[in-house]
Amino acid sequence: MSALDLTCATMSDLIGDYLDKALGTIEYTTFEMHLMYCSDCRTYLRQMRETLRRLAGLRNDDIDPREREYLLDAFRRARR
Amino acid sequence: MSEILSALGRKDELAFGELVARNYPGMLRLASILATERARDIVRTAWSDLLAEGSVAGHGSVRTWLLSRVLKLAAAPMERVLPAAMDGRFEAADHPWAGHWVESVMPWPEDAANLQAAVTARSLRELPTLTAAVVLLRDVEQLQTDEVRSVLDLDADEQRVVLQDGRAGIRNALAASSELT
């Protein structure tokens, strides 16, 4: 395997760094080249992006008002 | 950060309320992964510790301090596990197509969105504890990688490998569920 011929297994190793834009220029280029001819890796990349989108979607910033009040009480007591 | 702490020193309740709003939900999610039954109490204790200490000297930020404290209080076993999500998915070294997908990667149907939200949450909880914590902090709470490493005390390679395995595991769970729809 030459540097210009990544396997799909290597692609799956590099995908996180690719998504984080943490690949060097050569790795980035070979990654993109592989995507051009490998539809399985294109699908996998699309699904990994979708997975990250769904994980980010689990974030919910609601707070139980009773817990918020409990902590504000603790703050008042601590600063009295 | 120092603004926040001096606000605490000034007995600024509004500033403390904002600190709670920004940090409480993520702390509760982390505590729930580490010790579901005690999650609320762990988070309460972490906040009283912050109020008692009044400072997070030597730490990067109030946020990573609070998350580290949750981790410490939960005292969950954080065993290192070998990455396994991609086992058997690629042809072995002695195969003519070594390193290529054993089975084609099937696209997901477009209409599985609701089901997959539940699957995402469940498959995250079912990961090994350390893996779940890394994925939660990085991909749900959106911490930077160096913040994740500092909270969980991992080196860069460990964090990268564990994150990769966790993401792949959740993607596989979503793929499996999409085949059922």
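Residue numbers start from 1 in every chain, and the chains themselves are labelled A, B, ... in the order their sequence lines are given, proteins ahead of strands. The structure displayed is predicted, hence computed values, not measured ones.
- Contacts with chain A were tallied for B:P83, B:S104, B:A168, B:G99; B:G99 has the most, counting heavy-atom pairs under 4.5 Å.
- Annotation for A:D62 and B:P25: closest pair O-CG, 4.0 Å, computed over non-hydrogen atoms.
- Neither the backbone nor the side chain of B:S48 comes within less than 4.5 Å of any heavy atom in chain A.
- By the 4.5 Å heavy-atom criterion applied to side chains, A:L71 and B:F16 are counted as neighbours.
- Atom CD of residue A:Q47 and atom CD1 of residue B:I170 lie 14.0 Å apart, to the nearest 0.5 angstrom.
- The choice from A:A56, A:G57, A:A74, A:S12 that makes the most heavy-atom pairs within less than 4.5 Å of chain B is A:S12.
- Less than 6.0 angstrom separates the ring centroid of B:W101 from the ring centroid of A:Y44.
- Tracing side-chain contacts under 4.5 Å through hydrophobic residues (I, L, V, M, F, W, Y), one reaches A:L35 starting from A:L19; they form part of the same cluster.
- Residue contact with chain B, scored on non-hydrogen atoms closer than 4.5 Å, involves the side chain of A:R76 exclusively.
- For B:R171, the parts lying near chain A are the backbone and the side chain together; criterion is any non-hydrogen pair under 4.5 Å.
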Atom pairs and distances, donor-acceptor, side-chain atoms in residues 32-40 of chain B, under 3.5 Å, two or more places apart:
from  : atom 1 : to    : atom 2 : distance (Å)
B:S32 : OG     : B:L28 : O      : 2.7
B:T36 : OG1    : B:S32 : O      : 2.9
B:R38 : NH2    : B:A74 : O      : 2.8

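- Among the candidates B:Q142, B:M86, B:R89, the residue making the largest number of heavy-atom pairs closer than 4.5 Å to chain A is B:M86.
- Heavy-atom distances place the side chain of A:A78, and not its backbone, under 4.5 Å from chain B.
- Between the CZ atom of A:F75 and the CG atom of B:D12 there is a distance of 6.5 Å, given to the nearest 0.5 Å.
- Residues of residues 153-167 of chain B lying under 4.5 angstrom from chain A, judged on non-hydrogen atoms, are B:R160, B:Q164, B:R167 by number.
- Highest contact tally toward chain B, considering only A:C38, A:C41, A:S39, is held by A:C41 [criterion: heavy-atom pairs under 4.5 Å].
- Here the side chains of A:R68 and B:Y24 are not in contact, with every heavy-atom distance at 4.5 Å or above.
- Taking CG of B:L174 as the start and CE of A:M48 as the end, the distance is 10.0 Å to the nearest 0.5 Å.
- Two different hydrophobic clusters hold B:V148 and B:V81 under the rule that ILVMFWY side chains link at heavy-atom gaps under 4.5 Å.
- Annotation: the span from B:R29 atom CZ to A:L58 atom CG amounts to 8.0 Å, rounded to 0.5 Å.
- Linking ILVMFWY side-chain heavy atoms closer than 4.5 Å, directly or via other members, places B:V102 and A:L45 in two distinct hydrophobic clusters.
- Remark: B:D87 engages no residue in a side-chain hydrogen bond (donor to acceptor under 3.5 Å, both in side chains) (not counting sequence neighbours).
- Proximity to chain B (any heavy atom under 4.5 Å) is shown, for A:L14, by both the backbone and the side chain.
- Options A:I15, A:L55, A:D20 differ in how many heavy-atom pairs under 4.5 Å they form with chain B, and the most are formed by A:L55.
- With hydrogens and angles ignored, the 3.5 Å screen pairs no side-chain donor or acceptor of A:E67 with any backbone N or O of B:R44.
- Listed options B:V43, B:V20, B:T145 were ranked by heavy-atom pairs under 4.5 angstrom with chain A; first place goes to B:V20.
- Linking Ile, Leu, Val, Met, Phe, Trp and Tyr whenever their side-chain heavy atoms come within less than 4.5 Å leaves A:M11 and B:M106 in two separate clusters.
- Looking at A:R54, its side chain never comes within 3.5 Å of a backbone N or O of B:T120 through a donor-acceptor pair.
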### Message
Walk me through whether B:W108 and A:T43 qualify under side chain to side chain contact (heavy atoms under 4.5 Å, CB included).
### Response
CA-CA 9 Å; B:W108 294 342; A:T43 303; over 6 Å; no
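- Contacts of A:Y18 classified as side-chain hydrogen bond (donor to acceptor under 3.5 Å, both in side chains), with partners at least two apart in sequence or in another chain: A:E32.
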